[in-house]
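Single-structure report; data block below.
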Amino acid sequence: MLVKQRRPRGFPPGPSPIPVIGNIMSLATEPHVFMKKQSEIHGQIFSLDLGGYSAVVLNGYDAIRECLYHQADVFSDRPSLPLFMKMTKMGGLLNAKFGNGWIEHRQLASNSFRYFGSFQKPIDQKILEECMFFVDAIDKHKGKPFNPKHLVTNAVSNITNLIIFGERFTYDNCDFQHMIEIFSENVELAVSGWAFLYNAFPWIEYLPFGKHQKLFRNAAKVYNFLEQIIRRFSKGRVCNFPRHYIDDYLNKLDKCAGDLGTPYSRENLIYSVGELIIAGTETTTNTLRWAMLYMALYPNIQEKVHMELDSVLGSEKSPSLADKKRMPYVEAVLHEVLRFCNIVPLGIFRATTQDTLVSGYNIPKGTMVITNLYSVHFDEKYWCDPGTFSPHRFLDSNGNFVRREAFLPFSLGKRHCLGEHLARMEMFLFFTTMLQRFHLQFPPGTVPSLTPKLGMTLQPLPYSICAVRRQQ
Ligand code: HEM
């Protein structure tokens, strides 16, 4: 249950709420920026009234490390918000309550990443094959302006498709693309004012209008699509010889048949597949779209990337993960994109598994916790001039790549991103394969907006770019 009492004794302070709706209206534009500003007034740990239930917001690296790392077990639940209950009944993987069901689903998915990622061929080889489809498709635009969003989404989603379904989908598969589109719209709607209102007043489900209705319609279509596709890919399954994640899941389901406590179910399979597809696609796609935009915006940085690629790879050799060590500048650029662009600015909402004490504040069991990852990446205690895009902050004076402590794009603790390793491989291989071949520039006379489109993830507004073949 969520904490309904507004301010239990010793609870962190926060901004004054408006009667009934609390602080919900303040979250309408750039909630991560609003929360960072509030932390300057109320402290790194403060609370918000979200219309009858309270949430604790963690800001800055110290507070987030204190809770997610030093009290990892306590801060590892997901809040039982009406919206999440309606969407996934708190089952599946990403939204699952902390406990046996989550452990089993996380383990199964991470085994699949390891096993199906390296089945027949190592995963980096498979990513490189997709990179070739990707650059061929870019080449078809012949240096003319195009919006890279769909192409990047298709290419990136194919890596999770290989693991989940054992197959890639062609870039003209409209049904799959439509599913991703409406799923991604839901990632945006899930943090809209209407979603917060629904969580506070679930009876608005019966209002015939409101963005939450769109969210429900989209979810029904997505689950229907996933059910069909799962049925299609599970045909021909042979027990003990799983071909992909779906086979592996169904084998587990069969083995646990009759066990009343099993967390495996057809429904949880659909939720997990959906979560893996969207968590894997939306995030990595947005990172690459921001990276392309910033390369065109800063030609001097792009030139340094080109110089490094030319010296390590030349024009013929394909990049491989082994080259990463010799490409500190590329690593620095990708890290700075993740820091500066804050792909998942507020993480994924957490909840406490038991009553706890942090920095003198009492936080009861079941409290919703928001991790402001944006505030970590703009934490002045750890970053000099955080509002400037500067890959150099990840390099030492000899040009070697240096890890930075207050860098948490994948979050921290027990619920930290399951796909971090895969995402890092994808970003490096897609980025280097593309930049080895193309010079990125905006169509003459245009500079796109840098204002992000708001949602659970931050993505660039649609923009056009020209990918001009390089002469090396
Ligand atoms: C969770 C970021 C790529 C799967 C998360 C969380 C963040 C995140 C911030 C929230 C963790 C928390 O609760 O504190 C990112 C970023 C990515 C990326 C920035 C790419 C640049 C991926 C990929 C996959 C993936 C490629 C899988 C295909 C997941 C899953 C969770 C998660 C399953 C939920 C983990 C759990 O609840 O146990 N990610 N992610 N992510 N991510 Fe990622």
Side-chain angles (χ1 to χ4, degrees), residues 78 87-127 129-130 156-169 173 176 179-180 183 222-284 410 414-426:
R78 299 282 184 220
M87 292 292 152
T88 63
K89 300 179 185 146
M90 306 313 289
L93 161 56
L94 183 139
N95 253 338
K97 295 301 284 176
F98 186 57
N100 193 42
W102 166 73
I103 293 174
E104 295 266 347
H105 279 81
R106 186 160 169 128
Q107 216 147 46
L108 186 83
S110 93
N111 286 346
S112 285
F113 279 22
R114 233 172 294 131
Y115 181 65
F116 299 113
S118 62
F119 194 49
Q120 297 158 343
K121 258 187 205 159
I123 187 73
D124 54 330
Q125 288 306 311
K126 292 188 185 174
I127 299 174
E129 281 173 18
E130 192 61 44
V156 165
S157 64
N158 268 341
I159 309 306
T160 28
N161 289 339
L162 281 167
I163 295 169
I164 296 170
F165 306 111
E167 259 181 42
R168 68 179 294 276
F169 299 150
N173 186 325
F176 184 77
M179 188 275 291
I180 290 269
F183 209 158
V222 167
Y223 291 146
N224 187 32
F225 177 88
L226 292 176
E227 198 176 348
Q228 288 176 32
I229 200 170
I230 287 171
R231 202 171 304 136
R232 177 148 71 85
F233 279 94
S234 59
K235 279 196 184 125
R237 173 170 63 100
V238 179
C239 215
N240 296 328
F241 292 102
R243 298 158 296 179
H244 39 60
Y245 173 78
I246 291 175
D247 275 0
D248 215 12
Y249 194 105
L250 290 171
N251 288 346
K252 278 263 185 213
L253 186 62
D254 284 353
K255 270 190 202 131
C256 299
D259 172 358
L260 289 180
T262 177
Y264 298 109
S265 67
R266 284 236 156 219
E267 216 176 11
N268 277 339
L269 169 60
I270 295 173
Y271 298 148
S272 313
V273 166
E275 287 167 346
L276 288 171
I277 291 176
I278 205 65
T281 304
E282 183 83 3
T283 47
T284 316
F410 301 97
K414 300 219 160 167
R415 300 300 286 246
H416 78 271
C417 176
L418 178 77
E420 173 171 354
H421 183 60
L422 184 67
R424 284 178 181 276
M425 286 196 277
E426 290 179 35

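- At a threshold of 4.5 Å between non-hydrogen side-chain atoms, the residues Arg424 and Phe410 count as touching.
- Residue pairs that meet the salt bridge (charged side-chain N to carboxylate O under 4.0 Å, His left out) test with at least one member in residues 262-281, sequence neighbours left out, are Lys89-Glu267.
- A pairwise comparison of heavy atoms in Met87 and Tyr223 identifies O-OH, 3.2 Å as the closest pair.
- Of all heavy-atom pairs between Pro263 and Gly101, the closest is CB-CA, 3.5 Å.
- Among all heavy-atom pairs drawn from Ser112 and Asp248, the shortest one is OG-OD2, 3.8 Å.
- Judged by distance alone, the side chain of His105 and the main-chain N or O of Leu108 form no donor-acceptor pair under 3.5 Å.
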- Between Ile229 and Phe165, does a side chain to side chain contact (heavy atoms under 4.5 Å, CB included) hold up when you go through it step by step? CA-CA 9 Å; Ile229 200 170; Phe165 306 111; 3.9 Å; yes
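- Taking the side chain as every heavy atom from C-beta outward, Ile164 and Ile277 approach each other to under 4.5 Å.
- The minimum heavy-atom distance between Gly92 and Ala96, with the atom names listed, is O-CB, 3.4 Å.
- What you find for Val238 and Asn251 is that their closest heavy atoms are O-ND2, 4.5 Å.
- Considering OG of Ser234 and NE2 of His244, their distance stands at 7.5 Å, rounded to 0.5 Å.
- A heavy-atom distance below 4.5 Å is not found between the side chains of Tyr249 and Ile246.
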- Message: Could you go through His421 and Met425, starting from their C-alpha distance and side-chain angles, then the distance that decides it, and tell me whether this counts as side chain to side chain contact (heavy atoms under 4.5 Å, CB included)?
- Response: CA-CA 6 Å; His421 183 60; Met425 286 196 277; 3.8 Å; yes
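- Listed by chain and residue number, Met179, Val222, Ile278 satisfy the side chain to side chain contact (heavy atoms under 4.5 Å, CB included) test with Phe183 (two or more places apart in sequence, or in another chain).
- For the pair Lys97 (side chain) and Gly91 (backbone), a donor-acceptor distance under 3.5 Å is absent.
- Remark: Ile270 CD1 to Glu227 CD distance equals 4.5 Å, nearest 0.5 Å.
- The closest side-chain heavy-atom distance from Leu276 to Leu418 is below 4.5 Å.
- Among pairs with a residue in residues 250-261, those fulfilling salt bridge (charged side-chain N to carboxylate O under 4.0 Å, His left out) read Arg237-Asp254, at least two apart in sequence or across chains.
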- Query: Step by step, would you call Tyr245 with Phe113 a ring-ring contact (aromatic ring centres under 6.0 Å, His included)?
  - Reply: CA-CA 8 Å; Tyr245 173 78; Phe113 279 22; 7.9 Å; no
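- Ring-plane geometry between Phe233 and Phe169 is classed as tilted, the angle between the planes lying from 30 to 60 degrees on a 0 to 90 degree scale.
- Taking CD of Glu426 as the start and CG of Asp124 as the end, the distance is 11.5 Å to the nearest 0.5 Å.
- Between Asn161 and Glu167 there is no side-chain heavy-atom pair separated by less than 4.5 Å.
- For the pair Leu422 and Ile163, the minimum side-chain heavy-atom distance is below 4.5 Å.
- Closest heavy-atom contact between Ala279 and Leu94: CB-CD1, 4.0 Å.
- Between Leu253 atom CG and Thr262 atom OG1 the span is 7.0 Å, to the nearest 0.5 Å.
- Rounded to the nearest 0.5 Å, atoms CG (Asn158) and OG1 (Thr281) are 9.0 Å apart.
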- List the steps and the verdict of salt bridge (charged side-chain N to carboxylate O under 4.0 Å, His left out) for Lys126 and Glu130. CA-CA 6 Å; Lys126 292 188 185 174; Glu130 192 61 44; over 6 Å; no
